Amino acid sequence: PGGWLTADLPGHGRSPRAASYTFDAQAALVAEALPADRDVVLLGHSMGGMVALAMAGFHPGVRRVVGFSIKTWWPPDQVEGMREQSRKAARVFASREEAIERYLMASGLRGLVDPAAPEHEAGVVKTGEGWRIAQDMGTFDFGVPDMPALLAKVSCPVTLGLGSEDRFVRPVNYEQLGVDVVTFDGLGHNPHVEDPAAVVEVLR
């Protein structure tokens, strides 16, 4: 009820690149796309969940946040690995099909969806040399998530969800945050793809 707005995060899909991909910077850009005169409930997956929490810290219209599959534990070597990834040029492929396979791997969707499905079109772009994923490699340098600091700025209710089989998310890190936590039994890092109804039920 009330309508849906689905945004490609900055530097992803059809959205243009940004100067910075910190959670605050992304939240400020996404907020520009929200209707100014309506209350909103933010649903965010993984990085999108962090962006939703950052937005809830300053946007007066946010009434609730549902974030799921948010990786809150980042050892220093993983952070440096992501920053190193952000400095590399995107790999260019000879065919669109190869680029889509790369996109599905990078987004954790390989094996979960049909590579021929039309919704993957926004995940790749054609260049003069061939095809590459649309995602700006700079998006891998987003900083270290500070969940307690983000939550301290949020006054609306927050629900966090995680798949019981998600190898990127540690339940113990959620238990320390003092918010409602929902576990999607038998699901991995992409519960909205694996079982969309389960995610919708949490919203309801």
Side-chain angles (χ1 to χ4, degrees), residues 1-18 21-71 100 103-104 106-109 112-125 133-136 139 142 145 147 150-151 153-163 166 168-169 174 179-185 187-204:
W4 289 80
L5 178 66
T6 306
D8 289 340
L9 290 180
H12 293 75
R14 304 173 186 86
S15 291
R17 298 185 177 190
Y21 293 107
T22 65
F23 301 119
D24 286 341
Q26 293 191 68
L29 290 170
V30 175
E32 294 177 3
L34 298 180
D37 57 346
R38 289 174 57 181
D39 291 343
V40 293
V41 174
L42 301 179
L43 173 67
H45 165 252
S46 197
M47 181 188 288
M50 297 298 295
V51 173
L53 288 172
M55 191 186 308
F58 68 82
H59 195 291
V62 177
R63 292 292 173 260
R64 188 172 191 94
V65 174
V66 178
F68 59 102
S69 304
I70 300 175
K71 180 177 168 62
I100 286 180
Y103 158 71
L104 295 179
S107 57
L109 296 175
L112 295 177
V113 297
D114 179 3
E119 57 262 31
H120 307 319
E121 291 294 333
V124 298
V125 293
I133 61 173
Q135 180 180 358
D136 178 9
T139 59
F142 46 77
M147 291 292 282
L150 282 175
L151 290 170
K153 299 177 183 179
V154 177
S155 58
C156 67
V158 173
T159 298
L160 298 181
L162 70 156
D166 189 345
F168 298 112
V169 177
Y174 278 31
V179 298
D180 292 333
V181 177
V182 175
T183 300
F184 300 107
D185 290 332
L187 303 184
H189 191 65
N190 290 280
H192 58 307
V193 176
E194 300 168 60
D195 187 357
V199 176
V200 172
E201 186 59 32
V202 172
L203 279 177
R204 287 177 174 163

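No experiment lies behind these values; they were computed from the predicted model shown. Counting from 1, the numbers follow the sequence of the chain as shown. What's counted below: heavy atoms across the whole structure, side chains too, no hydrogens, waters or symmetry copies.
- Contact between Ile70 and Ser46 at its shortest, heavy atoms only, is CG1-O, 3.7 Å.
- Residue Pro10 comes nearest to Ala18 through the heavy atom pair CB-CB, 4.1 Å, listed as atom of the first residue, atom of the second, then distance.
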Decide yes or no on side-chain contact (heavy atoms from CB on, under 4.5 Å) for His189 and His45, but give the supporting numbers first. CA-CA 9 Å; His189 191 65; His45 165 252; 3.8 Å; yes
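- A salt bridge (Lys or Arg N to Asp or Glu O under 4.0 Å) check over residues 112-124, counting only residues at least two apart or in different chains, returns the pairs Arg96-Glu121.
- Taking both residues in full, the closest heavy atoms of Leu9 and Ser15 are given as O-CB, 3.4 Å, listed atom of the first, atom of the second, then distance.
- The structure places OG1 of Thr139 at 6.5 Å from OH of Tyr21, a figure rounded to the nearest 0.5 Å.
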Quick one: do Leu5 and Arg38 satisfy side-chain contact (heavy atoms from CB on, under 4.5 Å)? Show the steps, please. CA-CA 12 Å; Leu5 178 66; Arg38 289 174 57 181; over 6 Å; no
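- The aromatic rings of Phe68 and His192 sit perpendicular, their planes meeting at an angle over 60°, well past the 30° parallel limit.
- Looking at Val169 and Tyr174, their side chains come closer than 4.5 Å, going by heavy atoms from C-beta outward.
- Atom CG in Asn190 sits 9.0 Å away from atom CZ in Phe168 (nearest 0.5 Å).
- The minimum heavy-atom distance between Met55 and Ala31, with the atom names listed, is CE-N, 3.9 Å.
- Proximity of Pro157 to Asp180: side-chain heavy atoms (C-beta onward) are nowhere separated by under 4.5 Å.
- Within the 4.5 Å cutoff, the side chain of Met47 has no heavy atoms near those of the Lys71 side chain.
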Compile the donor-acceptor pairs under 3.5 Å between side chains in residues 56-67 and protein atoms, sequence neighbours left out, one pair per line.
| residue | atom | partner | partner atom | Å |
| --- | --- | --- | --- | --- |
| His59 | ND1 | Gly61 | N | 3.0 |
| Arg63 | NE | Asp39 | OD2 | 3.4 |
| Arg63 | NH1 | Pro60 | O | 2.9 |
| Arg63 | NH2 | Asp39 | OD1 | 3.4 |
| Arg64 | NH2 | Thr159 | OG1 | 2.9 |

